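Heads up: the structure comes next, in structure tokens.
No experiment lies behind these values; they were computed from the predicted model shown. So you know, we letter chains A, B, ... as the sequences are listed, proteins then strands, and number each from 1.
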Amino acid sequence: MSQDAFSLLHSGVQRAIYEMGWKEIREVQQEAIRTVYQTDNHLLVCAQTAGGKTEAAFLPVISKLADAPKDSVQAIYVGPLKALINDQFRRLEDLCEHLEIPVHRWHGDVPGNQKKRLRENPGGILLITPESLESNFVNFGADVPRVYRHVSFVVIDEMHSFLGNERGIHLRSLLARLGAITETKPRIIGLSATLAEPEEAAIYIDPDAPDTVTALEAASAQREVKFGVKTYLESPSWKPGPPPGPEALQALAETLAAGFRAGDFDWKQEQGEILDSDYADERETGNDSTTLLATDLIKAFGKETNLIFGDSKALLESLLNNVNQQTTSASGAHAFVIHHGSLSRSQREEIETRLKSGQPTTAFCSSTLEMGIDIGNVRAVGQINPPWTVASMVQRLGRSGRRAGVPAIMRVFTQENTPSTRAGLSGLLYPNILRAVALTRLMVRKWVEPFDNRQLHLSTMVQQLMSCLKQTGGMQAGALFETLCSKGPFRNIDAGLFATTLRSLGEKEIIEQMPGGDLILALEGERLANELDFYAAFMGSEEWTLRHRNEDLGQLPSSAIPPVGGGLMLGGRSWRVEEIVENSQLVYVIPGKGKDAAPAFRGQGSEVHSRVVREMKTVLEDDDEPAFLDEAGRGLLAAARTFARESGLLDDGCLCGGGEIIWFPWRGTRCLTTLKLMADACDIKAADDALSIRFKAKSTEDLQALLDKDFTAESLAKRLPVKTREKHDELLSEELLITARAADQIDLDEAQDALMELALSFRGESSGKLDDPGA
DNA sequence: GACCTGCTGCGGATTG
């Protein structure tokens with residue numbers, strides 16, 4: 001078999017394989033070679049990092065190129081990160097060394113003369129980012145056909161990072177525009193480690209003919225996984241000694257549940273009372289739970305190389321600070337470091353080098369280290385609080401146990417507040433533990449969130465529209481619609497919506513119409529298209545640089561910068577602001593001595609999928625004791641189950657009391673948002689937390705209005721307080737924004753489904769009417 | 001109730 005595929009390759013490629021001392025060509029690589037040589041199909045290759053994906057794509061591609069050199073770029077590799085492109089560039093250069101196939105790279109850090117050389121003498125393989133490809137259209141539109149006309153392959157690396165988001169739609173549009181000028185339709189090869197649904201990836205690769213995509217999956221070696229969840233209980237007003245035992249938690253759960261069953265429970269007051277009297281004498285004992293957590297992290301991650309993920313940069317900074325305070329006295333201490341997107345490039349590169357060197361290092365990190373650079377031997381992965389998606393959990397777990405025979409290790413550390421805080425009713429269900437268990441179950445079952453293909457991506461379409469006009473100098477509206485919508489990736493935008501968008505852009509002086517009918521960029525559009533920021537479809541925040549002497553430390557949003565004299569933690573060190581230079585957006589700092597707080601990085605929340613929330617309900621209904629959960633966690637889970645069962649929460653999902661109805665629909669973020677807006681439209685005050693919605697209503701009869709009223713997704717989206725989300729949303733009329741938000745924030749079907757379910761549970765039959773359970 | 005990614009060409013002055 002192996003001879004088969006190998007013999008298809010160009011003799012020069014065969015020689016290169018010998019010279020590099022390869023012992024075998026892997027199965028997935030052989031199949032890729034056969035697919036490229038014996039069919040005309042696109043290709044989707046799924047394999048672990050270091051599973052030979054890149055070679056699977058490039059062995060046959062290079063071989064084809066060596067057979068027929070042309071005077072334009074012949075293959076494009078698109079990568080999401082500059083660092084990844086640099087890595088692959090080196091590998092490809094080695095492979096192509098004796099084949100006379102030029103290898104070029106183009107991204108923001110590549111010197112101008114190299115880019116110029118490619119433009120003057122195009123050929124071979126080009127490694128590029130989506131944004132740099134965009135810059136080719138914008139700045140050398142007239143040259144694009146000459147430079148790219150013989151492109152016959154497009155390789156998309158880390159493809160999962162492009163699915164279902166603005167950057168991916170942007171890339172898809174660029175590739176569609178490219179395909180319009182190449183002499184033959186380029187074949188696309190997608191590479192990914194984790195793909196939820198290969199069918200959807202196939203639609204991304206070729207929306208007109210997804211069945212022409214051959215999916216190859218590398219047989220992954222069976223690997224051992226060690227996985228555990230450890231729990232910490234904390235309260236701002238209470239410094240824990242030993243956590244409350246199972247009996248105390250059960251008693252608390254039962255008391256609270258009894259109150260809710262009676263229907264006249266003032267939970268805000270009662271909660272405070274119960275916990276204050278129970279735990280008052282524990283207050284004097286010193287450590288807070290963050291310190292306990294830091295101590296455990298030192299124990300678990302104090303040797304070899306590890307990654308500890310967290311979903312908040314501020315939390316990571318404070319944990320590192322805590323860890324450092326506990327380890328400074330130890331001689332020859334194992335290094336704990338930090339890596340996230342607000343630290344300067346040089347700081348991050350230093351950490352990356354250290355991690356790759358094998359020198360024992362543990363990095364606190366955000367999703368910056370979730371993909372991309374290959375850190376050799378990660379022994380174990382830590383996760384502070386469960387992530388928000390299964391996809392993220394899978395990706396992070398996959399960073400350890402990469403060597404054969406070595407287990408992948410993940411330790412999740414969850415923090416829960418004691419119910420004395422005003423965490424809302426959801427707090428009584430210990431939602432972090434529930435989510436940790438639910439995500440783990442779904443991960444084991446190999447379920448991953450599908451991506452959302454209902455979105456309109458109007459903002460990205462506007463960016464591409466401006467790019468087309470900049471490239472060509474002017475186009476007819478019909479040609480634009482064909483390029484972007486009917487033949488491009490913006491298929492959810494129909495002719496009517498497209499026309500409305502053009503009018504909106506005309507009103508804002510982004511575009512104007514010439515007497516001959518051509519649309520061109522107007523003054524404001526020209527200005528936007530000339531900005532450096534134009535090349536990316538996603539929104540970048542305006543940030544200030546933090547500098548100590550000549551060293552850049554990182555970037556912060558202006559809102560997170562303390563006044564002169566104020567202090568902050570960044571990169572695990574304490575700093576004091578000495579001078580702020582407004583013009584150049586520079587903040588000069590000197591080392592501080594204090595125990596400062598990390599800056600308030602202000603992020604956006606995002607969606608939890610309904611499937612995850614439903615699984616959380618199932619976890620409450622079941623009574624297994626997950627083996628991966630520690631004793632404290634099992635105690636809290638048991639208490640949450642007791643409360644859920646005895647309060648009636650699992651029967652109909654509703655609790656009534658104090659003039660309020662608290663409803664757990666067990667659905668995801670989008671459904672909760674929709675239900676809240678429906679209540680708003682019916683003049684019922686509503687607020688939501690992680691899992692539930694609180695209605696200001698006396699009886700469930702009041703909620704009948706939500707089922708009776710005729711809603712449209714648009715009528716609900718209209719009620720959103722903030723309607724701009726994406727980069728060019730400000731260029732769209734209110735009417736268009738409502739249409740966009742109706743598509744990406746509202747799920748009317750699911751909300752009505754949830755309401756019907758609620759109605760049925762009260763009736764016990766299919767009447768679709770809400771009866772008051774208290775009546 | 002969070003995170004991440006990316007990014008001109010050109011002309012003129014200076015240096016070896």
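- When the nucleotides B:dG6, B:dC3, B:dG9 are ranked by their closest atom to the side chain of A:Arg119, B:dG9 comes out on top.
- Listed candidates were B:dA2, B:dC4, B:dG9. Nearest to the side chain of A:Ser312 is B:dA2.
- Stacking here means ring centres nearer than 5.5 Å and ring planes tilted less than 30 degrees, and by that measure A:Phe538 stacks onto B:dT5.
- The side chain of A:His107 lies closest to B:dC7, out of B:dC7, B:dG6, B:dT8.
- By the stacking rule of 5.5 Å between ring centres and under 30° between planes, A:Trp388 stacks on the base of B:dG1.
- When the shell of 6.0 Å around CD of A:Glu526 is examined, it contains more than 12 heavy atoms from other residues, nucleotides or ligands.
- B:dC4 atom P lies 22 Å from atom CG of A:Leu171, rounded to whole Å.
- The side chain of A:Thr129 contributes an N or O atom lying less than 4.0 Å from OP1 or OP2 of B:dC7.
- Summarising the geometry, atom NE2 belonging to A:His170 is positioned 10.0 Å from atom CG belonging to A:Leu175; distances are rounded to the nearest 0.5 Å.
- The distance between atom CZ of A:Arg345 and atom P of B:dG6, rounded to the nearest whole Å, is 7 Å.
- Rounding to whole angstrom units, NE2 of residue A:His160 and C1' of B:dT5 are separated by 12 Å.
- Note on A:Lys116: every side-chain N or O is 4.0 Å or more away from OP1 and OP2 of B:dC10.
- Counting only heavy atoms from C-beta on, A:Arg167 has its side chain closest to B:dG6 among B:dG1, B:dT8, B:dG6.
- Mapping A:Gly310 and A:Gly540 onto DNA chain B via the closest heavy atom, the residue that lands nearer the 5' end is A:Gly310.
- For A:Ser366 and B:dC4, the shortest distance from a side-chain N or O to OP1 or OP2 is below 4.0 Å.
- For the OP1/OP2 pair of B:dT5 and a distance below 4.0 Å, the side-chain nitrogens and oxygens of A:Arg348 include at least one atom meeting the criterion.
- In this structure, the CD atom of A:Glu449 is 14 Å from the C1' atom of B:dA2, given to the nearest Å.
- We find that CG of A:Asn136 is positioned 11 Å from P of B:dC7, with the value rounded to whole Å.
- Rounded to an integer number of Å, the gap from A:His340 NE2 to B:dC4 P is 8 Å.
- Contacts of A:Gly108 with the nucleic acid, taken as non-hydrogen atoms under 4.0 Å apart, involve only primed sugar atoms and P, OP1 or OP2.
- In this structure, a donor-acceptor pair under 3.5 Å is absent between the side chains of A:Thr674 and A:Arg667.
- Enclosure of atom CD in A:Glu531 by more than 12 non-hydrogen atoms of other residues, nucleotides or ligands within 6.0 angstrom is indicated.
- Within the 4.0 angstrom heavy-atom criterion, base atoms lie near A:Asp533.
- Under the 3.5 Å distance criterion, with hydrogens and angles disregarded, a donor-acceptor pair is assigned to the side chains of A:Glu134 and A:Ser467.
- Listed candidates were B:dC4, B:dG6, B:dC7. Nearest to the side chain of A:Tyr535 is B:dC7.
- Using a 4.0 Å heavy-atom distance criterion, A:Phe162 is classed as making no nucleic acid contact.
- Residue-level contact check: A:Ser132 touches the backbone only, with heavy atoms under 4.0 Å from sugar-phosphate atoms and none from bases.
- No side-chain heavy atom of A:Leu355 sits under 4.5 Å from any side-chain heavy atom of A:His339.
- Atom-to-atom, NE2 of A:His339 to P of B:dT5 comes out at 8 Å; the value is rounded to the nearest Å.
- Note on A:Lys115: only backbone sugar-phosphate atoms sit closer than 4.0 angstrom, heavy atoms only; bases stay farther off.
- The nearest whole Å value for the distance from the CZ atom in A:Phe140 to the P atom in B:dC7 is 14 Å.
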